[in-house]
Amino acid sequence: MDVQEDYTGHVDPGGPAARRTLDALTITKLSVGPMDNNAYLLVCRATGEALLVDAANDPERLSDLVGHSQDRPRLKTIVTTHQHADHWQALGAVAGANGANTVAHALDADPLPVPPDQLVEHGDTVLVGEVPLTVIHLRGHTPGSIALLYRDPAGHGHLFTGDSLFPGGPGKTADPEKFGSLMDDLETRVFGELPDDTWFYPGHGDDSTLGAERPKLGEWRERGW
């Protein structure tokens, strides 16, 4: 698979992957499926263990992303950010092919095609090799939507938000109560806890930073979506 090393946060459907290399971790982003879903392969540079955020679609392309050589990363964990079907179409195939453990929040576990091996809650830690990722439960887009936070000791934070946060607003919610819940969690658990230089990686489309989005929080709350 063609992988671009000049990471900008943008990938095209059917196009090459894009890799960001940190001191302890590499992050490789790929667009899969007809809904331009983002899948993120995180690889611990010390151990070669890998974690996939959302086996959304195109199992063949995800397998190519992991690689086929003897020195390819060992895909140990697949985290599903939420229960919506466009985020787990390839979950069974990729987990089965790699013997990977599957992870999700308990409130979103039932619709998944593979029962999660590990259920997580807010504040839990998921490891990719030696690298810890903190689970942030964001209630509203679905009952069990989660984000994953890597606090890079050598740089800024990296937050994988699923469909709970995009450039331009929160993810779609079914009613005003769920919208209010998601906005409350975003304001307290994300924007209230993390600095502006935190880079976030959504479930569809381009990345952004919390600093770029923070001035719009009041506007999002007022418009109601």
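Residue numbers start at 1 and run along the sequence shown.
A pairwise comparison of heavy atoms in A50 and V43 identifies CB-CG2, 3.9 Å as the closest pair. Among all heavy-atom pairs drawn from F166 and P202, the shortest one is CD2-CB, 3.6 Å. When all heavy atoms are compared, the tightest approach of P111 to W88 is O-CZ2, 3.5 Å. Scanning both residues, L52 and A39, for their nearest heavy atoms gives CD1-CB, 4.3 Å. Residues D117 and A100 approach most closely at OD2-O, 4.0 Å, considering heavy atoms. Residues E121 and D124 approach most closely at N-OD2, 2.8 Å, considering heavy atoms.
Using a distance-only test at 3.5 Å, with no hydrogens or angles considered, a donor-acceptor pair links the side chain of D152 to the main chain of A154. In this structure a side-chain-to-backbone donor-acceptor pair under 3.5 Å is present from S63 to P59. Not one N or O on the side chain of D12 forms a donor-acceptor pair closer than 3.5 Å with the backbone of G15. In terms of modelled atom types and a separation under 3.5 Å, the side chain of R74 and the main chain of T47 share a donor-acceptor contact. T188 contributes no side-chain N or O that, together with a main-chain N or O of G192, makes up a donor-acceptor pair within less than 3.5 Å. Side-chain atoms of R19 do not come within 3.5 Å of backbone N or O of T26 as any donor-acceptor pair.
Expressed to the nearest 0.5 Å, how far CD1 of I136 lies from CG of D185 amounts to 10.0 Å. Atom CZ of residue R139 and atom OG1 of residue T173 lie 14.5 Å apart, to the nearest 0.5 angstrom. With rounding to the nearest 0.5 Å, the separation of CD in E187 from CE in M183 is 4.0 Å. Here the straight-line distance linking atom CG of L30 with atom CG of L62 works out to 6.5 Å at 0.5 Å rounding. Distance check, rounded to the nearest 0.5 Å: CD of E130 to CZ of R45 gives 12.5 Å. Residue T8 holds its OG1 atom at 8.0 Å from NZ of K29, rounded to the nearest 0.5 Å.
Both M1 and L75 belong to a single network of hydrophobic side chains, linked directly or stepwise wherever heavy atoms of I, L, V, M, F, W or Y lie under 4.5 Å apart. Under the 4.5 Å side-chain heavy-atom criterion for Ile, Leu, Val, Met, Phe, Trp and Tyr, L149 and L41 are members of distinct hydrophobic clusters.
Ion pairing of D6 with R20 is absent here, as no side-chain N (NZ or NE/NH1/NH2) approaches a carboxylate O to less than 4.0 Å. We find that R189 and D184 are not joined by a salt bridge, their nearest charged nitrogen and carboxylate oxygen being 4.0 Å or further apart.
When only modelled atom types and interatomic distance are considered, N101 and T77 share no side-chain donor-acceptor pair under 3.5 Å. In the model, H10 has a side-chain atom that pairs as donor or acceptor with a side-chain atom of D206 under 3.5 Å. Between the side chains of Q89 and N57, no donor-acceptor pair of N or O atoms lies under 3.5 Å. D54 and H82 share no donor-acceptor pair across their side chains, judged by distance under 3.5 Å alone. T142 and S145 share a donor-acceptor pair across their side chains, judged by distance under 3.5 Å alone.
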Under the salt bridge (Lys or Arg N to Asp or Glu O under 4.0 Å) rule, what do E213 and K216 come out as? Steps first, then yes or no, please. CA-CA 6 Å; E213 306 303 317; K216 307 168 190 173; 3.4 Å; yes
The test is salt bridge (Lys or Arg N to Asp or Glu O under 4.0 Å); show your working for D64 and R61 and say whether it passes. CA-CA 5 Å; D64 290 344; R61 274 174 50 85; over 6 Å; no
Going through the distances and angles, do H204 and D86 end up as a side-chain contact (heavy atoms from CB on, under 4.5 Å)? CA-CA 10 Å; H204 306 263; D86 60 309; 3.2 Å; yes
Between D163 and K172, does the salt bridge (Lys or Arg N to Asp or Glu O under 4.0 Å) criterion hold? Intermediate values first, please. CA-CA 8 Å; D163 282 2; K172 183 179 179 180; over 6 Å; no
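Heavy atoms of other residues, nucleotides or ligands lying less than 6.0 angstrom from CD of E222 number 12 at most.
Note on residues 111-138: pairs passing ring-ring contact (aromatic ring centres under 6.0 Å, His included), not counting sequence neighbours, are H105-H137.
Through direct or indirect side-chain contacts shorter than 4.5 Å among Ile, Leu, Val, Met, Phe, Trp and Tyr, L42 is connected to Y7, L22, L25, I27, Y40, L51, V53, V79, V103, V120, V126, V128, V131, L133, V135, I146, L148, Y150, F160, W199, Y201.
For D197, the salt bridge (Lys or Arg N to Asp or Glu O under 4.0 Å) test picks out no residue, with sequence neighbours left out.
The shortest distance between side-chain heavy atoms of N37 and H87 falls below 4.5 Å. Looking at heavy atoms from C-beta onward, T198 lies out of side-chain contact with T209 at the 4.5 angstrom threshold. In this structure, the side chains of D207 and F200 stay at 4.5 Å or more apart for every pair of heavy atoms. L165 places none of its side-chain heavy atoms less than 4.5 Å from the side chain of P170.
The residue from V94, T102, I78 that alone fulfils the side chain to side chain contact (heavy atoms under 4.5 Å, CB included) condition with V114 is T102.
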